[in-house]
Structures are given as C-alpha cells and as structure tokens.
Q: 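Supplied in structure tokens, the structure appears directly below.
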Amino acid sequence: MVSKQSHRKDEHISLAEHFYEDNHSDFNDIRLVPTSLPHFNVDDVDISTEISDLKFKVPFFINAITGGSEQSAKINQRLAKIAANTGLAMAVGSQSIAISDPTQEASFSVVRENNPDGIVIANIGANHGADVANKAVEMINADALQVHINAAQELVMPEGDREFNFIDNIKNIIDEVSVPVIVKEVGFGMSQQTITELTQLGVKIVDVSGMGGTNFAKIENFRRSDKTMPYMADWGLTTPESLLEASPINLDIDVIASGGVKNPLDMAKCFSLGAKLVGMSGEFLHQLLTYPEDETVVEHVNDWIYGLKTIMVLTNSQKISDLTKVDQILSPQLTAYKKQRGSG
Ligand code: FNR
C-alpha cells in the first residue's frame, strides 16, 4: 500500500517533468559582454568554489528533488552515482517523510551509500525544528542542511499547511545544528526583505531559488481537484530578480542561485550577479528521465563543465568570483526592475 505522502512524491516527479519547459528563459534578460582577446587558456580556469567550510570542485550541484517512495529511491540512487562520478554536490528532497515513516529512510540513505566521499546535503521544511533537522542530517551523514521555506507551495497545495512558524524554527535550527545551514526557497524567489530577516536570524547561506523553472504553484494547482488557483503560476520573483534583490545586501551572507537554470550560460549569469554556487533540480530530473544510461548524464555534466570554462575564457574570468566583474547588459524590463527596487 503506497502512503499518501509517497504518492505525492511520485506526483511531484511526474508533474515537474510534465511542466518542464524549454522555451522562455528569464536568463535571456541578461547578456554578458565578451572579450575577443582571451588572457588565458581553458586549462588555466579554476571553477572551484567555497561556501562556509565546504569546498566544491564544481560550482553547480544537484539541488533538492526527492526521496520517500520506491521511484524516488531509484532516482536518488542514480543521481548519487552521477554525483560521485562527476564531483557534484547533491541535496536530497525533504526527509520529513522518513522521520514519520522510518521505512522510507533507505530512499535517502542510498545517496550517502553511493557517494561516500562527496558533499551530500540534507533537506527539511521550516515547519520543523532542530530535533527533526538533526535527525535528517544524521540519516545521511550530511555535510550541510537545507531548510526549505515553501509558504506559496503549501498554500496552493490542497493538503498543505495553512499556518507557519518558520521564523522560530529557523532560529532554533541555526542555534542547534552543527553543519552549515542553507535556507532555500522552492522556486518562488526571495526579496531583499526576506534575506535581511534571515540574516537577522543568524542565517549565513541562502538559496534564492527563483521563479522560472520548476513551478510548484502550477504543480500544486494541478493536484487540486478544483484547479482554482492557476493565477498563482506567475507568483514570485525570477532568479535574476532575486539575485538583484540580494546584491545590495552588504551582509555576511553567501548566495546560492537556483530556479530555471539549464545550462552553463545560465550559470555564468548567476555567478555574474553574485551567486557562489548554482543548483539545478528540474534539469537534472529531466536528464534522468530522458536518458536511461547514467553515462549519458555524466557526459552532459562534463559538457557543462567544459561549457562553463568556455564562457569564463570568453569573459576573462579565471575564477568563479571574477565573473562578478564582467559587464552585463540587462533587458529594459530587468533594468526597470532594478531601478524600481533600488538595487542600482
Ligand atoms: C523539488 N524541490 C524541492 N526543494 C526542497 O527544498 N525540498 C523538496 O523536497 C523538493 N522537492 C522537489 C521535487 C521535485 C520533483 C522538484 C523538481 C523540485 C525544489 C527544488 O529544489 C528547486 O528549489 C526548484 O525546483 C527550482 O529549481 P529548478 O527545478 O527550476 O532547477
């Protein structure tokens, strides 16, 4: 008998893929000014990045997707093998299902088993406090913890939460969890106000996870029998907008970008807007469901690594942080956004 929660995990996987779209990208609102006179060679480029005490060989990672069902266990196993093969960090999906039903633990611990030495990131919702968070970290011997804030998703989700205690829970988690804590959205982006409030709670790492990729308002509305909330599909800030929101915040905070990232050019644009690391969920899920052989996905990851180095050579960026010095041309729409929001 498949539990309701496991069934929801499988629905999220199939609906994320159903709504996977390859047409409009909000990253088209940004262009990077190139050089025609490269100052160095592809082999001179260093794509490693650091956040807190974590050293990432590759500056993009497999962001939270799944766990908690038979299908998701298989997906997690494949993703972990791909991560181990390519040096990518990997986050698991929300582990709360395995806290309430320990028979689901294996669908998460499979990630550590298949990637013993890589960076593995635990995941829990901000509707939980430090006790649950610590259990999630232990379950997969995680190097870091993601705490997702997903109010918009819950409110559209038919069986979702209608009350929130995120602020107290995040504070409790920050105080009690010893690994680095990343507070992340789930595809609705973050405002300057949200990021500032998070820093006041002691948060040092945020993943702005903006609108423009996997859209949980669409997914959850589709899961409603009445389907009465289609207008929420436009809710939130895009990933470029969220990065602009974060950029004037002169505080001790590392920014991760995710939401709609599909290729190395999207990544380079995120780095140019100040991100230190870039996450992809929908694209990795799509790769996995499209290509049955792990080797094919590994090849694509290696192609992306080469692609990112290419763009770095073509912008005279020897390391990831150099991309912040590259001139950008913003679309009139993004320029107006930046002006209205006072971020430049
Ligand atoms: C997600 N995401 C997610 N995030 C999270 O923190 N905990 C979770 O359990 C899940 N579950 C989940 C399931 C599926 C099927 C997908 C595709 C995504 C959200 C994810 O980490 C990310 O924030 C958004 O998907 C936006 O990034 P992409 O998908 O546009 O790259």
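Ligands are counted one by one from 1 in listed order, and the atoms in each one are counted from 1 as well.
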Q: Is it the side chain, the backbone, both or neither of N123 that has a heavy atom closer than 4.0 Å to ligand 1?
A: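 Within the 4.0 Å criterion, N123 contacts ligand 1 through side-chain atoms alone.
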Q: Pick out which of Y306, F60, Y291 makes a ring pair (Phe, Tyr, Trp, His ring centres under 6.0 Å) with H300.
A: Y291
Q: Regarding D26 and T238, do their side chains bring together a donor and an acceptor under 3.5 Å, going by distance alone?
A: no
Q: Aromatic contact between W304 and F284, with the criterion being ring centroids under 6.0 Å apart: yes or no?
A: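 Ring-ring flag for W304/F284: true, centres closer than 6.0 Å.
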Q: Provide the number and element of each atom of ligand 1 under 4.0 Å from a heavy atom of E185.
A: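 Those of ligand 1 that fall under 4.0 Å from E185 are 23 (O).
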Q: What is the nearest protein non-hydrogen atom to atom 11 (N) of ligand 1, stated with its residue, atom name and distance?
A: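 Its nearest protein heavy-atom neighbour is I65 O, 3.0 Å.
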Q: Return the set of residues passing side chain to side chain contact (heavy atoms under 4.5 Å, CB included) with Q200 (not counting sequence neighbours), or none when no residue passes.
A: T196, E197
Q: What atoms of ligand 1 come closer than 4.0 angstrom to any heavy atom of G282?
A: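 Answer, ordered by atom number: 28 (P), 29 (O), 31 (O).
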Q: Taking 4.0 Å as the limit for heavy-atom contacts, which would you say applies to S209 with ligand 1: side chain only, backbone only, both, or neither?
A: side chain
Q: Taking distance alone, with no angle check, do G260 and ligand 1 share an N/O pair under 3.5 Å?
A: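 Among all N and O atoms of G260, at least one is under 3.5 Å from an N or O of ligand 1.
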Q: Looking at non-hydrogen atoms alone, which of V278, T214, T239 comes nearest to atom 28 (P) of ligand 1?
A: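 Among V278, T214, T239, the closest heavy atom to atom 28 (P) of ligand 1 belongs to T214.
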Q: Taking heavy atoms and a distance under 4.0 Å, where does A64 meet ligand 1: side chain, backbone, both or neither?
A: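 Near ligand 1, A64 shows its backbone as well as its side chain.
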Q: What pairs of donor and acceptor atoms, side-chain ones from residues 170-190 against any protein atom, are under 3.5 angstrom apart with sequence neighbours left out?
A:
unit_1	atom_1	unit_2	atom_2	d
N172	OD1	A130	N	2.8

Q: For ligand 1 and K184, I'd like to know whether there is a polar contact (N/O to N/O, distance under 3.5 Å).
A: yes
